[in-house]
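First listed ligand is number 1; within each ligand, the first listed atom is number 1. All values reported here derive from a predicted model rather than from experimental measurement. Throughout, residue positions are numbered sequentially from 1 according to the sequence presented. Atom set for the values below is all heavy atoms of this structure, side chains included, hydrogens, waters and symmetry mates excluded.
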Amino acid sequence: MMIRPRRLRRTPAIRRMVKETSISVDDLIYPVFVKHGKGEREPIPSMVGHHRLSVDELVKEVAEVWSLGIPAVILFGLPKKKDELGSEAYAGDGIVQQALGAIKERVPKLTIITDVCLCEYTDHGHCGIIEDGRVDNDATLEILSRIALSHAKAGADFVAPSDMMDGRVKAIRDTLERDGFKDTGILAYAVKYASSFYGPFREAADCAPQFGDRAGYQMDPANAREALKEALIDVEEGADIIMIKPALPYLDIIHQVRANINLPIAAYNVSGEYAMVKAADQRGWIAGEKVMMEMLISIKRAGADLILTYFAKEVAAVLIEHESIYAEKG
Ligand code: PBG
């Protein structure tokens with residue numbers, strides 16, 4: 001007797017039946033950048049198809065995202081002015097707070113996640129408050145809690161701290177509970193590496209550190225055991241969803257965290273992962289759309305439930321097309 005695994009690969013319909021992993025629009029979270037002004041749609045050169053949008057344009061964009069079936073967006077804000085404390089980050093009329101109000105009014109069912117961090121708002125570009133040339137952990141916690149509370153007040157469904165300070169999930173959870181925002185969730189950037197794959201994002205959000213780097217708070221790419229330690233701390237402190245970031249170079253980490261933690265796991269398919277595919281596709285060196293789908297299925301196969309990805313709209317379009325051609329083409 002010969003064992004023939006190819007029997008299960010014979011026709012497209014059989015292949016669909018034995019497929020182990022699938023991707024759905026339900027899994028997608030679309031990142032968007034919001035800036036001050038009106039009628040603004042400023043292209044981000046290293047992130048083809050993405051723009052810095054004023055609130056009015058953002059509302060149109062997220063209405064389209066919702067109409068494609070995507071359940072959530074994550075908001076990143078570009079302040080009018082940066083300062084030492086990143087004060088626009090927690091201002092009641094800050095750009096993210098304004099965007100939350102406008103989206104909740106026009107696209108009320110969409111889930112809105114907000115990035116909670118200081119690096120876009122501080123003049124030094126670090127993710128916290130500087131004391132003696134170093135990011136001061138505990139002084140930063142107080143400001144992060146203020147940012148999270150101001151987002152919750154403006155209507156955020158989830159706040160997503162991305163700063164990597166110790167104790168921030170607990171500090172934010174305590175603040176939200178104390179002020180009556182018991183239903184505002186926390187999507188914790190629990191396992192965030194000091195990665196060079198964030199390059200295009202730092203251009204988009206103008207948030208590169210003006211001195212030094214982020215290695216004093218983000219994780220060393222060489223460390224895997226430490227990932228589980230970080231994830232378990234955030235579970236303990238009250239996170240609702242655990243995120244790993246970046247995604248593709250860290251599939252082993254996604255797998256390990258999935259195997260050990262029962263919360264939903266999100267993976268951030270970051271700006272550099274997106275830009276590489278777009279750049280190679282533009283040169284005709286790879287088939288961009290196929291590579292996109294293969295990348296995302298690998299992230300799901302590793303164990304992610306949710307994927308934050310700049311490809312979300314394109315993936316949704318591909319999924320809609322696939323469904324409609326099954327019947328004709330098998
Ligand atoms: C802010 C933040 C960053 C990203 C998300 N939130 C940049 C950084 O930590 O330097 C990166 C996202 C991406 O590259 O797509 N702290």
Short list, please: which atoms of ligand 1 are under 4.0 Å from a heavy atom of [X]?
| X | answer |
| --- | --- |
| Y268 | 12 (C), 15 (O) |
| F76 | 5 (C), 6 (N) |
| R202 | 8 (C), 10 (O) |
| Q218 | 8 (C), 9 (O) |
| C119 | 1 (C), 16 (N) |

Check this for me: does any side-chain nitrogen of one of [X] and [Y] sit under 4.0 Å from a carboxylate oxygen of the other?
| X | Y | value |
| --- | --- | --- |
| E226 | K229 | no |
| K170 | D174 | yes |
| K192 | E230 | no |
| E237 | R173 | no |
| K81 | D123 | no |

Which residue and heavy atom of the protein sit nearest atom 9 (O) of ligand 1, plus the separation: K192 NZ, 2.7 Å

Heavy-atom nearest neighbour in the protein, as seen from atom 5 (C) of ligand 1, with distance rounded to 0.1 Å: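 Scanning the protein heavy atoms, the shortest distance from atom 5 (C) of ligand 1 goes to K245 NZ, 2.6 Å.
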
Heavy-atom gap Y310 to ligand 1 smaller than 4.0 Å: yes

Min heavy-atom dist E273 to ligand 1 below 4.0 Å: no

Min N/O separation S162 to ligand 1 under 3.5 Å: yes

Pairing residues for E273 by the salt bridge (Lys or Arg N to Asp or Glu O under 4.0 Å) criterion, not counting sequence neighbours: none

Counterpart residues, salt bridge (Lys or Arg N to Asp or Glu O under 4.0 Å), relative to K245 (two or more places apart):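 Not a single residue meets the salt bridge (Lys or Arg N to Asp or Glu O under 4.0 Å) criterion with K245.
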
Pair T111, D157: side-chain N/O donor-acceptor within cut-off below 3.5 Å: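 There is no such pair (donor and acceptor under 3.5 Å, judged by atom type) between the side chains of T111 and D157.
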
S271, portion touching ligand 1 at heavy-atom distance under 4.0 Å: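 Both backbone and side chain of S271 come within 4.0 Å of ligand 1.
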
Ligand 1-proximal atoms of D163, by part, heavy-atom distance under 4.0 Å: neither

